[in-house]
Amino acid sequence: MHELPKHYDHAAAQKRCRELWDAGQFWHAEPDGDRPAFSVVIPPPNVTGALHLGHALNNTLQDILVRTRRMQGFNTLWMPGTDHAGIATQAVVERRLLEEEQQSRHDLGREKLVERIWAWKEQYETRILGQLRDLGASCDWDRTRFTLDEQCGRAVRETFFRLFKQGLVRRGKRLVNWDTFLQTAVSDDEVFHEEVKGHFWHIRYDVIDPLPGEPTEVAVATTRPETLLGDTAVAVHPDPAAALDAVEAELRTKLAAASAKERPQIEQECADIASRRDAVLPLLVTLAEMARAGRRVRLPLLNREIPLVADEWAKPELGSGCVKITPAHDPNDYEVGLRQNLPMLNILNPDGTLNAEAGTYQGLTIRQARTRVVADLDAAGQLLQVEDRLIELAHSDRSKTPIEPYLADQWFIRMADLADPALAAVNDGTITIHPPRYAKSYLDWLGEKRDWPVSRQLWWGHQIPIWHVADVTEPDLKAAFGDREDVAWTAAGDSPETGLPGTWFVCATTESLGLETIAGQPLTRDPDVLDTWFSSALWPHSTLGWPEATPELATFYPTTTLVTSRDIITLWVARMVIMGLFNTGEFPFHAVAIHPKILDRYGETMSKSKGNGVDPLDIIDLLGADALRFGMASMATETQDVRMPVEFQCPTCSTRIDQTTANRTKPRIECPKCHEAFRTQWATTAEDLALPRGSAVSERFESGRNFSNKLWNATRFVLMHLEGYHARELVTEGTPADNLPLEDRWLLSRLATVTAEVTTAIDGYHFAEAARILYAFAWDEYCSAYLELCKSRLADPDNRDGARRMLLLGLDTILRLLHPIMPFVTEEIWQHLGHAVADRRCPWDSECVASAVMIASWPTPSAAWRDAVTEERFNTFLAVVSGIREIRARQNVPPKTVIDVAIRCAATTMDLLEPMQAAIASMASCNLTGLGPETAGAPGAAETTAAGCDLFIDLADLIDVNAEIERISRDLEKLTGLIKAKRGKLANDKFTARAPAAVVEKERSQLAEFEHAAEKQGAALNALRQRQAST
RNA sequence: GGGCAGCUAGCUCAGUUGGUUAGAGCGCCACGUUCACACCGUGGAGGUCACAGGUUCGAAUCCUGUGCUGCCCACCA
């Protein structure tokens, strides 16, 4: 019989387990049709950098589901891969290029830059996949994909082509977030807003040749005065009176429903409207008439004449009621420009300087132009007023420079029709979202059916499969492409915003069209790439081989469950639903499980730039992958996000130092205990880098590490006692035999109950509950209760085998149930157990036990094992043991001292406790001197009650009378309070009349129990007082 | 501005359809290392369940309101 070392060595175990699983390729799935399939696609991590704790959480939960289903016999596939992450990756590589080589991407050129990014991708993909394996993720590594690989590329082109052919692709102007530093558009989620002090400038535009009775000027206001250089109109509401009425009517409705607190503010707003009727309405009415008459105003500084237009975008209830229109630099103004057929003047160069449209301001930066424009307006007497104002200014997350809104040609996908089935799928429960409240953000967002802008002015990504050609006719195109099915075209003129007669957009499913020109005109590939979410949207089917009709697609699509975090429900989940259905006719998954986000001790999201993150590998190194996973599972509750206080661990003395806002961005920290310094992620100087690195960890993973060790030692105990054990079937199905000891029937019942509870919890994505149930069962019941109980049986050769059999059954079952959460320690133990008793067999093993717990079958204990009465009786026994232990502890009785205990209890309880006498004696280190209804305590014995029994503990000279009096008095006081409350409750006729009988009965019996206990305590107290008096 | 959460022990969190004396882990206190495990054992202390009303025989749980915190979306001439 081999003996295990005292401590579980997680590093060695992880290595051995991975080798074992890889050798057997237990994670590999083939599309064999017989078994039901269970499939999951990984949310592909970005190749921008290494994995963080959020990924660890996401992938732990997926692996729990996947390992559970695999053990349950499903044909289980977990598809791994990574995401090319467009802008994010390109920005990282560009930044390095600039820092290390002082080169911009334009210096390098498109091809060279993309090569560099591929090199980066290779490096990080390797690292990410390695981290996933370190975490224990049981992905099908043979199938690893990348959103920019050739297979995904084919799917992307095919999808775009189909959309194009169905007229769902359009080209239009869109205001993009222009990063003037990187000279690229960035998406909304790569923009952060920061409140800065700014101004609100009121500017006067003069009316050209005012007629009598007309105003000579209009006032407009802006926070961006330089944009007036791009103004092409001033708008006023076409019917300001009606508009004011409508606003007021809305306010009245709101007022009627308002709370007392909101009321004054709304009343104030109503008053403002009323005063506007006198103050500005007549002017606005005149201006509206003037707009209709085609009157014009003079744009200050540039002296351009621009029209006054009547448009509902101008709100008579705000400001002057007039608004300047800059169609090329503001999204709302752009809409006005379209409606009013206004010119769109782009005044910006890509580098953020002003172009020729800005006249004398050409060449200035935005900032310089603003200063000049304001000064010039002031000098010209056109500046009416300047207010200070706080402005939410958009900044690029990548370059940290202010974003300029910039109008550019973009490709869009029309969502109006595509969105409907995706909405219906969630509304009618075809796709379920857990927890259900997250369905709302999905439905709200999709419900808007906003067109999806899919083009990006980047070099890293799937290049849009569109070619432009000008000055050709449709017959030219037909002649060039004949009846090719992989090519389609549309006249650019069909896109009224951008089209020129004779220009065409040609779309193809192939990387190249195979020709350079049509009728002598060059075909030019559109330089833009697709939004990174476009390829992500295809992930569930593109990874399975679509558009080919592969066996994988037939077997594993639709996938079963998607596990992700809530911030990408709209960006990713909704789009997968839409594109999955569009391409395959089926939704990509049946269920979406949303998990929480991990925050730091201040409730802030973790990020590398804040310095409050934790590297999962640090946790894995220090505490083990299972500890990390157990911690993650425990945190995955469904109600809220999780706060995780982070600590630095001193590499010299292992002291933990709280990570705070003050120290988290320091390059070096000195340990307050050993005074040795260590470096952090911020270290840059050679001196700092030479220091040992301090890991960022969290105590929240320690219970997982401790749990691993507990299981390890329980195993150690079991293996130590297997000498001479002959392996056999561990237990048979069906109702347990009556002659089994109480504790064995209890264990069987608990195994059945716990298995059912854990299975249900995992099925419902209640990961934290599953973790908690298993922890409590394995630790408190299996180790603290059952294993302790077995000690006396194991010492008795006649009883030994029964105990061993049940110990093995319990351990074996715990390992299986816990394997999805803690795969390494359970596998390592399984292997050791296999050496000792390879041919043990559980009822749920059809033949012999599996060679690895990873491929063992999930327990399915017979329902007949469950026995609520036995569980309750066993708790009585445990309560008696606790009662004795409590007195011992109170009285400071040394553990080695055996004390005499007598138990007075009802006859039924006596029957129960009789066979447990040896167990009570060993677990409470006592000698049972009496048991039964007639038992009495020795004179002067300490007395307590537990589970309806009176316990007399003969402490003889050991007792501390004063302490005991104090304790009993306190208990009695507490009991008196409880009794009073219960009596009051039961005296209430309404309670007894209306509450369910069972509840009333429970209260009654409880009261009786309390009263009995109080009586005993009272008597004991008196006895003690007498004793105190007599000494 | 709209929406969604959260507020329970010193800290981080559970608490299923209202019904035991509201739980766990960590931390804390006391005692304890021959006998699986000090990454441990035994016992203990610690909570007006954010606040105010309401419904109910009974509220951490349901309703209304208030406060604070966080997140998402929209908007900001």
Side-chain angles (χ1 to χ4, degrees), chain A residues 3-4 6-8 200-203 220-224 227 234-235 259-261 313-315 318-326 330 332-333 389 391-392 435 437-438 440-441 444-445 448 566-567 569-570 597 599 601 603-605 623 627 634-635 637 639-645 698-700 702-703 705-721 766 768-769 772 775-776 783-784 787-788 791 882 885-890 892-896 924-925 974-975 977-978 981-982 985 988-996 998-1000 1002-1003 1005-1006 1009-1010:
Chain A
E3 191 169 323
L4 303 181
K6 261 192 170 185
H7 282 268
Y8 167 60
F200 198 44
W201 284 275
H202 297 257
I203 307 167
V220 295
T222 180
T223 57
R224 295 189 293 152
T227 60
V234 169
S259 65
K261 198 194 160 198
W313 165 241
K315 306 279 189 276
L318 290 177
S320 70
C322 296
V323 54
K324 62 194 270 307
I325 302 297
T326 322
D330 181 280
N332 294 304
D333 290 6
R389 191 184 251 214
I391 298 162
E392 288 275 305
R437 71 186 127 93
Y438 289 117
K440 193 170 165 49
S441 51
D444 286 353
W445 185 84
E448 290 181 31
R566 62 183 147 71
D567 38 11
I569 292 173
T570 54
K597 290 187 74 156
L599 311 172
R601 74 175 68 233
E604 292 179 30
T605 53
L623 301 171
S634 304
M635 285 181 220
T637 61
T639 47
Q640 59 185 323
D641 289 341
V642 167
R643 281 191 199 208
M644 206 186 75
S698 174
E699 61 170 31
R700 300 203 58 184
E702 286 194 4
S703 59
R705 188 268 312 256
N706 297 350
F707 190 28
S708 299
N709 201 53
K710 187 72 180 180
L711 291 167
W712 181 256
N713 277 289
T715 307
R716 198 165 162 252
F717 174 85
V718 171
L719 292 183
M720 277 175 176
H721 290 90
H766 304 301
E769 205 186 349
R772 201 200 58 225
Y775 183 90
C783 290
S784 296
L787 200 142
E788 289 301 326
K791 285 181 179 171
S882 289
R885 282 170 169 175
E886 187 187 334
I887 298 286
R888 292 185 61 110
R890 287 282 178 205
N892 281 329
V893 179
K896 285 180 207 162
S925 307
K974 202 168 161 190
L975 272 173
L978 288 168
K982 290 264 181 254
K985 205 168 182 182
N988 184 345
D989 293 341
K990 286 181 177 169
F991 172 66
T992 47
R994 299 193 196 180
V999 172
V1000 177
K1002 208 172 189 177
E1003 292 291 318
S1005 67
Q1006 241 166 31
E1009 208 171 291
F1010 290 160

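Remember, it's a predicted structure, so these values are computed and weren't measured experimentally. The analysis underlying the following values was restricted to heavy atoms, covering all of them including side chains, and did not include hydrogens, waters or symmetry mates. Numbered from 1 within each chain, the chains take letters A, B, ... in sequence-line order.
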Inset, instruction - Using the C1' atom on both, measure U42(B) against U33(B) and round to a whole Å. - result: 13 Å
Inset, instruction - For K791(A), answer base if it contacts any base atom (sugar-phosphate contacts may also be present), sugar-phosphate if it contacts only those atoms, and nothing otherwise; contact means non-hydrogen atoms under 4.0 Å. - result: base
Inset, instruction - Provide the distance between the two C1' atoms, one in A52(B) and one in U12(B), to the nearest whole Å. - result: 29 Å
Legend entry - Heavy-atom closest pair, residues S708(A) and Y8(A): CB-CD2, 3.7 Å
Inset, instruction - Identify which nucleotide among G43(B), C13(B), G25(B) has an atom closest to any side-chain atom of S703(A), counting heavy atoms from C-beta outward. - result: G25(B)
Inset, instruction - For V220(A) and for R566(A), locate the closest nucleotide of RNA chain B by heavy-atom distance; then report the residue assigned to the nucleotide nearer the 5' terminus. - result: R566(A)
Inset, instruction - Could you check whether L599(A) gets within reach of a base, just the sugar-phosphate, or nothing at all, counting any heavy atom under 4.0 Å? - result: nothing
Legend entry - Rounded distance in Å between the C1' positions of U56(B) and C40(B): 48 Å
Inset, instruction - For T570(A), answer base if it contacts any base atom (sugar-phosphate contacts may also be present), sugar-phosphate if it contacts only those atoms, and nothing otherwise; contact means non-hydrogen atoms under 4.0 Å. - result: nothing
Inset, instruction - Would you please confirm or rule out a distance under 4.0 Å between OP1 or OP2 of C37(B) and any side-chain N or O of N706(A)? - result: no
Inset, instruction - Return yes if some donor-acceptor pair links the side-chain N/O of R716(A) with the main-chain N/O of L4(A) below 3.5 Å, else return no. - result: yes
Inset, instruction - Identify whether any heavy atom of W313(A) sits under 4.0 Å from a base atom; if not, whether one sits that close to sugar-phosphate; answer base, sugar-phosphate or nothing. - result: sugar-phosphate
Inset, instruction - Without swapping roles, check the side chain of R888(A) against the backbone of A924(A) for a donor-acceptor pair under 3.5 Å. - result: yes
Legend entry - Non-hydrogen side-chain atoms of R566(A) and S441(A) separated by less than 4.5 Å: no
Legend entry - Touch class at under 4.0 angstrom, heavy-atom based, for S882(A) against every strand present: sugar-phosphate
Inset, instruction - Would you classify E1009(A) as touching base, sugar-phosphate or nothing, given that sugar-phosphate means primed atoms plus P, OP1 and OP2, and contacts are heavy atoms under 4.0 Å? - result: nothing
Inset, instruction - Round to a whole Å and report the spacing from CZ of F707(A) to C1' of C37(B). - result: 13 Å
Legend entry - Nearest heavy-atom neighbours spanning T223(A) and W201(A): O-CZ3, 3.6 Å
Inset, instruction - Tell me the partner of A59(B), counting only Watson-Crick (N1-N3 plus N6-O4 or O6-N4) or G-U wobble (N1-O2 and O6-N3) with both under 3.5 Å; none if nothing fits. - result: none
Inset, instruction - Using the closest heavy atom to pick a nucleotide of RNA chain B for each, name whichever of Y438(A) or R643(A) lands nearer the 5' end. - result: Y438(A)
Legend entry - Complementary nucleotide for G65(B) - Watson-Crick or wobble, under 3.5 Å: C51(B)
Inset, instruction - Quick one: label Q1006(A) by what it contacts on the DNA or RNA (base, sugar-phosphate, nothing), any heavy atom closer than 4.0 Å. - result: base
Legend entry - R716(A) side chain, from C-beta outward: closest of G3(B), C37(B), G19(B): C37(B)
Legend entry - Same-atom distance (C1') from G25(B) to G46(B), integer angstrom: 15 Å
Legend entry - Sugar-phosphate, base or nothing in reach of S441(A), heavy atoms under 4.0 Å: nothing
Inset, instruction - Quick one: label V718(A) by what it contacts on the DNA or RNA (base, sugar-phosphate, nothing), any heavy atom closer than 4.0 Å. - result: nothing
Inset, instruction - Could you let me know what C4(B) is paired to, Watson-Crick or G-U wobble, both distances under 3.5 Å, or none if it's on its own? - result: G70(B)
Inset, instruction - Check whether any side-chain N or O of T637(A) sits under 4.0 Å from OP1 or OP2 of A14(B), and answer yes or no. - result: yes
Inset, instruction - For A50(B) versus U17(B), give the span between their C1' atoms, rounded off to a whole number of Å. - result: 26 Å
Inset, instruction - In whole angstrom, give me the gap between the C1' atoms of G65(B) and G27(B). - result: 37 Å
Legend entry - Assigned partner base of C35(B), Watson-Crick or wobble definition, under 3.5 Å: none
Legend entry - Residue of the set D330(A), T227(A), D333(A) for which side chain to side chain donor-acceptor pair (under 3.5 Å) holds with K324(A): T227(A)
Legend entry - Paired nucleotide for C76(B) [Watson-Crick or G-U wobble; both distances under 3.5 Å]: none
Legend entry - Flag, side chain of N709(A) to backbone of H7(A), donor-acceptor distance under 3.5 Å: no
Legend entry - N/O (side chain, K6(A)) to phosphate O (OP1/OP2, C37(B)) under 4.0 Å: yes
Inset, instruction - With heavy atoms under 4.0 Å as the rule, sort R705(A) into base, sugar-phosphate or nothing. - result: base
Inset, instruction - Assign H766(A) to base, sugar-phosphate, or nothing according to its heavy-atom contacts below 4.0 angstrom with the strands shown. - result: nothing
Inset, instruction - Taking atom C1' in both G47(B) and G23(B), compute the distance separating them and give it to the nearest angstrom. - result: 11 Å
Inset, instruction - Describe the nucleic acid contact of K1002(A) in one word from base, sugar-phosphate, nothing, applying a heavy-atom distance below 4.0 Å. - result: nothing
Legend entry - Presence of K710(A) side-chain N/O under 4.0 Å of G41(B) phosphate oxygens OP1/OP2: yes
Legend entry - Candidate nucleotides G25(B), G3(B), U21(B), ranked by approach to the side chain of K982(A) - the nearest: U21(B)
Legend entry - Watson-Crick or G-U wobble mate for A30(B), both contacts under 3.5 Å: U42(B)
Inset, instruction - For N332(A), report the nucleic acid contact type (base, sugar-phosphate, nothing); a contact means any heavy atom under 4.0 Å. - result: sugar-phosphate
Legend entry - Sugar-phosphate, base or nothing in reach of F1010(A), heavy atoms under 4.0 Å: base
Legend entry - Distance between C1' atoms of C62(B) and C76(B) (Å, rounded): 39 Å
Inset, instruction - Check whether any side-chain heavy atom of N713(A) sits under 4.5 Å from a side-chain heavy atom of F717(A), and report yes or no. - result: no
Legend entry - Proximity to the side chain of E699(A) - top-ranked nucleotide from A5(B), A36(B), C26(B): C26(B)
